[in-house]
Amino acid sequence: MTEEIRVRFAPSPTGHLHIGGARTALFNWLYARHNNAKFVLRIEDTDRARSTDEYIDAILEGMKWLGLDCDEGPFRQTDRFAVYNSYADKLLEQGRAYHCYCSPEELDAARKKAMIEGRALKYNGKCRGLKNPVEGISPVVRFAMPQEGSTAVQDLIKGVVEFDNEQLDDLIIRRSDGTPTYNLTVVVDDVDMHITHVIRGDDHLNNTPRQIQLYQALGYEIPKFAHLPMILGADKARLSKRHGATSVMAYQEMGYLPEALVNYLVRLGWSYGDQEVFSMEELVEHFSLENVGKAAAIFNPEKLLWMNSQYIIKSDPSKLAELVIPFLVKEGIIQDGQELDMPWLCSAIITQQERQKTLIELAQSLSYYIEEDVQYDEKAKNKFLTLESRPLLKALIDGLEMIDDLSAESVEAVFNEVAEKHEVKLGKVAQPARVAFTGITKSPGIFDIVIILGKEKSVRRLRKAMEGISENE
RNA sequence: GGUCCCAUCGUCUAGUGGCCUAGGACACUGGCCUCUCACGCCGGUAACACGGGUUCGAGUCCCGUUGGGAUCACCA
């Protein structure tokens, strides 16, 4: 019987769930789902100055939106200080850790000096051999790192990475205020929570040998590691606010579908042959760490936008209808709480979904269906609402008024008749009508628009367009 | 600066020594479709960072150079 696979996502609540964190969470989640494993969520909030409950909620919200459900947790490290302290005490008793009385100022000065002299920025081990406590100073606890030999990290993505122990610092595992630090808590929790695979950003690769030493000192089995390459901005710098939106929820506000973001993110560093678009089921089925690349990837908003458009095209219109309503409100197209005829809205969405890339665009594209009047684009009006097109519009009004029930066929017949009678191409009729109906020159098929608008509204808009022409000329 | 990681079109990537005259996707672009726009379809521009090896044969293996990134906190 094989050991149960358990992975975790361990964000620190010092900010919103950002793109990089979401990708790490996603890869863990996919690995868990693919392997029928457990996905644990752990909040690393031992930095009490910077961690907030609001950010915990924000991270949870982001994961929920993306559909990354966890099987256990969220656990909070602040609930577990007693556990960490017992491990720190154990190391102290074993002589694998010691009290250090050096002041932050002192250490900082030493670091600066080392930097200038071009040496490794490493704690000098001053307090390592100290026999007696220093009065009046509450010490930190440092882990006594072995100073000889080397530590190898067996990484599932990077391969074997070897570090000289000489490079390893005696890291602080407990602060002077008695709270534990990251390198201790991460090891203790991964042991305690029986994590078998640590999948995280490769900014942690350099920490890994230190953590391995901690595992060994504590006498625990070392989990498997997989360090994912970073996501960078267009300037190859680490993704930050300078590169635009980095918070996952900002993408919701911009009208992105979570499935599209997930699909885009998973392809940043992972591939499956030439396939670009994956359903969640396909991702779970095909995901593996072997197909994760080693190189950092640059976040490309254009491709994400394309991906979103693909998902909008594929989406069920009734689902889009639900999703677009908040955006209709936000765009001022409908009032909050305003009732809409949902089947009608769906048919309106069907005419737009293959030409809009975000839910915001979709909402905006619906405005000329929903609002009472249209605003003419100046150029469009000047080009198409002319004296020449006036009789065509008149003929359309007459034709449409004769129809009892609007259908694709009956509307098309009216347009074709008008074109024939006036000996012009359909375009000559359709473009002025399009401007009359929508105010602009780009839109879904003109027959579809008439059907969505309905006879009354269509005729009213044609009349108004005609009136505009006579006033002008 | 020390240590570590990485290196195929502008970007995401396929490629695991001969299938590569390097494939797909985004973006850009020419055309088709067409009532406009979009979708879709057909085509185009565009890459193995450089230098040494190893091999009958290298994008693929090794070394070096260059370039980029990460990390070196009483942050995580």
Side-chain angles (χ1 to χ4, degrees), chain A residues 10-14 44-47 49-51 77 100 102-104 107-108 111 114-123 139-142 153 155 157-159 161-164 166-169 171-177 179 181-183 185-186 201-209 227 229-230 232 234 236-238 264 267-277 290-291 293-307 309-310 313 352-357 380 384 412 415-416 419 425-431 433-435 438 440-447:
Chain A
S12 86
T14 53
E44 309 222 326
D45 56 352
T46 54
D47 181 356
R50 295 198 301 148
S51 301
Q77 292 190 320
C100 171
C102 298
S103 70
L107 295 169
D108 204 42
R111 257 196 302 277
M115 180 71 115
I116 291 161
E117 290 172 8
R119 288 180 288 111
L121 280 55
K122 198 180 133 182
Y123 176 62
V140 301
V141 175
R142 279 185 191 272
V153 179
D155 193 272
I157 292 168
K158 308 277 185 184
V161 184
E162 205 162 323
F163 296 82
D164 281 338
E166 202 188 342
Q167 296 294 330
L168 271 28
D169 215 339
L171 38 89
I172 292 172
I173 56 176
R174 183 159 70 199
R175 300 183 184 95
S176 52
D177 66 1
T179 59
T181 63
Y182 166 72
N183 279 296
T185 60
V186 72
D202 73 9
D203 48 338
H204 286 286
L205 187 54
N206 287 303
N207 278 325
T208 309
H227 286 96
M230 301 270 91
L232 310 176
K236 295 201 170 191
R238 206 181 171 139
Y264 175 71
R267 283 287 291 102
L268 228 44
W270 177 83
S271 60
Y272 185 72
D274 284 340
Q275 192 171 345
E276 293 286 347
V277 182
E290 280 109 78
N291 293 318
K294 293 179 174 187
I298 293 171
F299 185 83
N300 184 325
E302 283 81 35
K303 188 158 181 181
L304 170 59
L305 190 62
W306 169 80
M307 189 65 81
S309 73
Q310 295 300 305
I313 288 170
Q352 296 287 6
Q353 69 188 117
E354 71 182 17
R355 45 201 110 219
Q356 312 303 148
K357 294 184 193 303
F384 292 108
E412 185 170 358
F415 274 79
N416 283 330
K425 284 191 175 176
L426 181 58
K428 281 281 180 196
V429 186
Q431 275 306 81
R434 193 184 313 282
V435 176
T438 69
I440 54 179
T441 55
K442 303 169 181 179
S443 83
I446 199 75
F447 315 135

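Since we're looking at a predicted model, the values are computed, not measured. Numbers restart at 1 for each chain; the letters A, B, ... are given by sequence-line order, proteins then strands.
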Discussion item. Looking at B:U60, which nucleotide sits across from it as a Watson-Crick or G-U wobble partner, both distances under 3.5 angstrom, or is there none?
Written reply: none
Discussion item. Does A:T185 reach a base, just sugar-phosphate, or nothing at all? Heavy atoms under 4.0 Å.
Written reply: nothing
Worksheet entry | Proximity to the side chain of A:E354 - top-ranked nucleotide from B:C39, B:C74, B:G24 | B:C39
Fill in: Distance, rounded to the nearest Å, where A:K158 contributes NZ and B:C6 contributes C1'
6 Å
Discussion item. Any donor-acceptor pair under 3.5 Å linking the side-chain atoms of A:T179 with those of A:D177?
Written reply: yes
Worksheet item: What is the pairing partner of B:G40, taking Watson-Crick or G-U wobble pairs with both distances under 3.5 Å in any strand?
Response: B:C32
Discussion item. Using a 4.0 Å heavy-atom cut-off, does A:F163 contact any base of the nucleic acid, only the sugar-phosphate backbone, or nothing at all?
Written reply: sugar-phosphate
Discussion item. At less than 3.5 Å, do the side-chain atoms of A:R355 and the base atoms of B:C39 form a donor-acceptor pair?
Written reply: no
Worksheet item: Can you check the A:F299 CZ to B:C26 C1' distance for me, whole Å?
Response: 13 Å
Worksheet item: Choosing from B:C37, B:G23, B:C39, which nucleotide comes nearest the side chain of A:D274?
Response: B:G23
Practice prompt. For nucleotides B:C42 and B:C26, find the distance between their P atoms and express it as a whole number of Å.
Written response: 12 Å
Item to complete: Check every strand shown and say whether A:S271 touches a base, only sugar-phosphate, or nothing at a heavy-atom separation below 4.0 Å.
Response: sugar-phosphate
Worksheet item: With a 4.0 Å cut-off on heavy atoms, is A:E162 in touch with a base, just the backbone sugar-phosphate, or nothing at all?
Response: sugar-phosphate
Worksheet item: Can you tell if the side chain of A:V161 reaches within under 4.5 Å of the side chain of A:H227, non-hydrogen atoms only?
Response: no
Discussion item. At 4.0 Å (heavy atoms only), tell me whether A:V161 reaches a base, stays on the sugar-phosphate, or touches nothing.
Written reply: sugar-phosphate
Worksheet item: When we call it a touch if two heavy atoms are under 4.0 Å apart, what does A:I298 touch: a base, just sugar-phosphate, or nothing?
Response: sugar-phosphate
Discussion item. In whole Å, I'd like the distance from the CD atom of A:Q310 to the P atom of B:A25.
Written reply: 11 Å
Discussion item. For a quick check of understanding: with a heavy-atom distance under 4.0 Å over all strands, which category does A:E276 fall into, base, sugar-phosphate or nothing?
Written reply: base
Discussion item. Under 4.0 Å, heavy atoms only, any strand: does A:R174 hit a base, just the sugar-phosphate, or nothing?
Written reply: nothing
Discussion item. Once you apply a heavy-atom cut-off of 4.0 Å, does A:P444 come out as touching a base, just sugar-phosphate, or nothing?
Written reply: base
Fill in: Atom-pair distance (NE2 on A:H227; P on B:C5), nearest Å
12 Å
Hey, what are the protein-to-nucleotides 66-71 of chain B N/O distances that come in under 3.5 Å?
| residue | atom | partner | partner atom | Å |
| --- | --- | --- | --- | --- |
| B:A70 | O3' | A:R238 | NH1 | 3.3 |
| B:A70 | N3 | A:N206 | ND2 | 3.4 |
| B:U71 | OP1 | A:R238 | NH1 | 2.6 |
| B:U71 | O4' | A:N206 | ND2 | 3.3 |

Worksheet item: With both distances kept under 3.5 Å, what pairs with B:G17, Watson-Crick or G-U wobble?
Response: none
Fill in: Atom-to-atom span, NZ of A:K294 to C1' of B:G59 - whole angstrom
15 Å
Item to complete: Assess A:R142 against A:Y123: is NZ or CZ under 6.0 Å from the centre of the six-membered ring, and within 45 degrees of the ring's axis?
Response: yes
Practice prompt. Provide the Watson-Crick or G-U wobble partner of B:C4, both distances under 3.5 Å; none if there is no partner.
Written response: B:G69
Worksheet item: Contact class for A:G201 (heavy atom, under 4.0 Å): base, sugar-phosphate, or nothing?
Response: nothing
Worksheet item: Taking the side chain from A:D45 and the backbone from A:Q77, do they hold a donor-acceptor pair closer than 3.5 Å?
Response: yes
Practice prompt. State whether the distance check finds a donor on one side and an acceptor on the other, under 3.5 Å, for side chain A:S176 versus base B:C74.
Written response: yes
Item to complete: Could you please name the partner base of B:C26, counting Watson-Crick and G-U wobble pairs only when both distances are under 3.5 Å?
Response: B:G10
Discussion item. Both distances below 3.5 Å, Watson-Crick or wobble geometry, any strand: find the nucleotide opposite B:C48.
Written reply: none
Worksheet item: Does a nitrogen or oxygen in the side chain of A:R111 sit under 4.0 Å from OP1 or OP2 of B:A73?
Response: yes
